[in-house]
Amino acid sequence: MNEQPHLAMATVIWVAASALSVLVLAAVEYRSGRQELFERAGSTETLLAEKLAQHDAHLSALGAIVRMSPAEPSPSIQGLSENILVRYPRIVEIATFRLDAGAARIFRYGKPAGATEESGRPLAELPKLSNVGDIASRALPGEQAYDIFKLVEPGRVLRLRIDANALLDGERASRDYSTTLTLNDETLAAHGGTERALLAATTRIAMTSHTQPLQLEISRYFGFGELVPLRLAVPLIIGWAAVIWLVASYRETQAERRRHEARAALLKQEAMLAHAGRVNALGEMASGIAHELAQPVTAMLSQSQAARRALAIGRQDILEKALDANIREAKRAGDILGRMRAYISGAPADIKMVPLDEAITEAMRLVEADIKARAISLNMVIFPDLPVVPIDVVSFQQVIHNLVRNAADAVARCPSPLITLTARREGDGVAIEVADNGPGIETGSLHRIFEPFFTTKPDGMGLGLPLSSRLIERMNGSLEAHNNGGATFVIRLPLGEPA
Ligand code: ADP
């Protein structure tokens, strides 16, 4: 009954739980990726720091040789330079500057071809170095390299040119990582990384070298597949579906059990009520029977006593009267018991398809004599198109008999007593009406006349109408009463085949 809302609710919970799990999974993956990034940045920094320290060491060693070589080009400088350039490919050039007034001579060392000299270079090319031993670094825009200058002695400057890309050689290029090296906001080298990443984590490290204040920036990129690995996400989502299904089935079983228990409790209660009803009805019936039988039995007793006295005094006529009265009373008692049995009996109706007009004519034949004897007029209005109806003929006659007899009782004291019986088609069935011009049903009794033992007659039993109503119900029809001048009783019966 509530299948749809339950399914929708389970789906919502499943989607929410899966989304939450995926988010948690992504957060965990992101955290571990960031950790990996920090580790990688740490080792890159260590390697880089070592290389920068090597540059400082080369500057010191070369500076010492330069100081010892007053004349240039110097074969000693060339020898050491050649050695350095071969062993450290990231150092791409070694040069010295001799400063004259306003211009400089420049000697390039280390190439196998030997040292070269170039004069007349403007001093503006050099950074400002005040004291001997001062060192300064400068990026070479667009060349992915930087220079380190050192004032070796007054008027003599040493320069190392470093290939920034080669400096990052240890960094393996990958789509997941990007590494950028800057010097005084000039980008020296940048590689790796991807544009299509979903998320990125970045760490920036300022190298502690005061001679080469480089900045290292390393980013780690996360694609969707990396943040939400399918090998974990799919089992999680399926797992949630299984868990929710299990919980839902468990709850459904519990609910079913509760419904079952409630139904059982209800049935038990109904059974108890029915039993109480039966006990009640039985009590009522027993007191009704006792009440009804008391009258004829008392009459029989007094008549029998009278008969005895008549016999003693030899009065044949009184004896005969008393015996007649006894027979009458015994018949009445038998009649009461017979109707009682009919009312109680649960025997199924014997329903057959019968032409309605025939059934009515037959029923009326049984009461006509009585009506005539009581000087009551009878008006029969039988419409011509009456169909065949499914009825239990005997029960039907009994009902008509009860209704006509009641009507006859009602009109007994009327100046021009009249009973009208009408039979016609009505809606999907037929309606048979028994109306009289008597005083009508007493006000306030209309709702009680179908109760067993309800009667307003001194010798009534109050079983005629409840029995009639029950018999008509067994034919799938209904019996109702209303006041309409006199009283009118309407029997409604359906058409169709017997069930
Ligand atoms: P009984 O005839 O033994 O009283 P019924 O069940 O047949 O039992 O009727 C119950 C009561 O319904 C009657 O006592 C009477 O008060 C009322 N009743 C039945 N038919 C009529 C009628 N045609 N006119 C007025 N009252 C009626």
Side-chain angles (χ1 to χ4, degrees), residues 281 284-297 299 328-329 331-345 360 363-364 366-368 370-371 373-381 394-423 431-474 477-492:
E284 253 180 53
M285 200 152 283
S287 78
I289 294 171
H291 177 80
E292 293 302 324
L293 289 182
Q295 212 185 345
V297 169
R328 224 176 28 247
E329 294 303 331
K331 269 187 179 166
R332 178 164 153 72
D335 196 28
I336 289 170
L337 290 176
R339 272 196 266 160
M340 198 76 73
R341 206 175 52 205
Y343 177 69
I344 296 167
S345 146
I360 292 173
M364 289 311 288
L366 301 173
V367 285
E368 260 163 1
D370 189 29
I371 290 173
R374 291 161 83 169
I376 299 168
S377 315
L378 179 67
N379 183 14
M380 298 259 281
V381 186
V394 177
S395 298
F396 182 75
Q397 288 171 353
Q398 200 171 352
V399 173
I400 296 289
H401 181 268
N402 275 340
L403 296 181
V404 172
R405 204 203 56 198
N406 273 349
D409 286 348
V411 297
R413 275 192 287 277
C414 281
S416 45
L418 172 68
I419 297 173
T420 309
L421 190 144
T422 316
I432 302 111
E433 238 175 60
V434 178
D436 63 61
N437 63 347
I441 298 154
E442 280 178 22
T443 332
S445 303
L446 200 55
H447 66 287
R448 296 197 56 201
I449 55 172
F450 291 105
E451 285 175 13
F453 306 118
F454 176 82
T455 179
T456 55
K457 299 173 193 169
D459 59 345
M461 261 178 63
L463 282 178
L465 288 180
L467 173 63
S468 300
S469 163
R470 180 176 284 200
L471 293 177
I472 292 295
E473 273 169 24
R474 277 201 225 158
S478 66
L479 173 63
E480 59 188 53
H482 47 91
N483 280 324
N484 192 11
T488 302
F489 287 82
V490 187
I491 303 168
R492 290 200 168 80

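Reckoned from all heavy atoms, side chains included, excluding hydrogens, waters and symmetry mates. In this chain, residues are counted from 1 in sequence order. Because the structure is predicted, anything quoted here is derived from the model rather than measured. First listed ligand is number 1; within each ligand, the first listed atom is number 1.
- Contacts between Phe450 and ligand 1, counted as non-hydrogen atom pairs separated by less than 4.0 Å, are absent for every part of the residue.
- Heavy-atom contacts of Ala410 reach the following atoms of ligand 1: 22 (C), 23 (N), 24 (N) (cutoff under 4.0 Å).
- The ligand atoms of ligand 1 that sit less than 4.0 angstrom from a heavy atom of Arg405 are 2 (O).
- Counting heavy atoms from C-beta outward, Val381 and Glu433 have side chains that stay 4.5 Å or more apart.
- Here Ser395 pairs with Asp392 under the side chain to side chain donor-acceptor pair (under 3.5 Å) rule; sequence neighbours left out.
- Counting heavy atoms under 4.0 Å from ligand 1, residue Glu442 does not touch it at all.
- Two residues are said to be in side-chain contact when any heavy atoms from C-beta on lie closer than 4.5 Å; Ile491 and Leu403 meet this criterion.
- A distance-only check finds no donor-acceptor pair linking the side chain of Asp436 to the backbone of Gly486 [under 3.5 Å].
- Close approach to Pro466 involves these atoms of ligand 1, each under 4.0 Å from a residue heavy atom: 6 (O).
- For atom 1 (P) of ligand 1, the candidate residues are Gly440, Gly462, Pro458, Ser445; the nearest heavy-atom contact is made by Gly462.
- Remark: Asn402 CG to Leu467 CG distance equals 6.0 Å, nearest 0.5 Å.
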Pair up each side-chain donor or acceptor in residues 408-417 with any protein partner under 3.5 Å, not counting sequence neighbours, and list the distances.
unit_1	atom_1	unit_2	atom_2	d
Asp409	OD1	Arg374	NH2	2.9
Asp409	OD2	Lys457	NZ	3.0

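- Counting only heavy atoms from C-beta outward, the side chains of Phe489 and Val399 never approach each other to under 4.5 Å.
- Proximity of Pro439 to ligand 1 is not established, as no heavy-atom distance is less than 4.0 Å.
- Listed by atom number, the atoms of ligand 1 under 4.0 Å from Ile449 heavy atoms are 12 (O), 17 (C).
- Looking at ligand 1, you'll find an N or O of Leu465 within less than 3.5 Å of one of its N or O atoms.
- Per-residue contacts place Phe454 under 4.0 angstrom from the following atoms of ligand 1 (heavy atoms of the residue considered): 10 (C), 11 (C).
- The shortest heavy-atom distance from Asp436 to ligand 1 is under 4.0 Å.
- Ser468 places a side-chain N or O within 3.5 Å of a backbone atom of Gly464 that can act as its donor or acceptor partner.
- Contacts between Asp409 and ligand 1, counted as non-hydrogen atom pairs separated by less than 4.0 Å, are absent for every part of the residue.
- Side-chain contact between Arg405 and Val367 is absent, with no heavy-atom pair separated by less than 4.5 Å.
- Counting atoms of ligand 1 from 1 in the listed order, those under 4.0 Å from a heavy atom of Ala487 are 22 (C), 23 (N), 24 (N).
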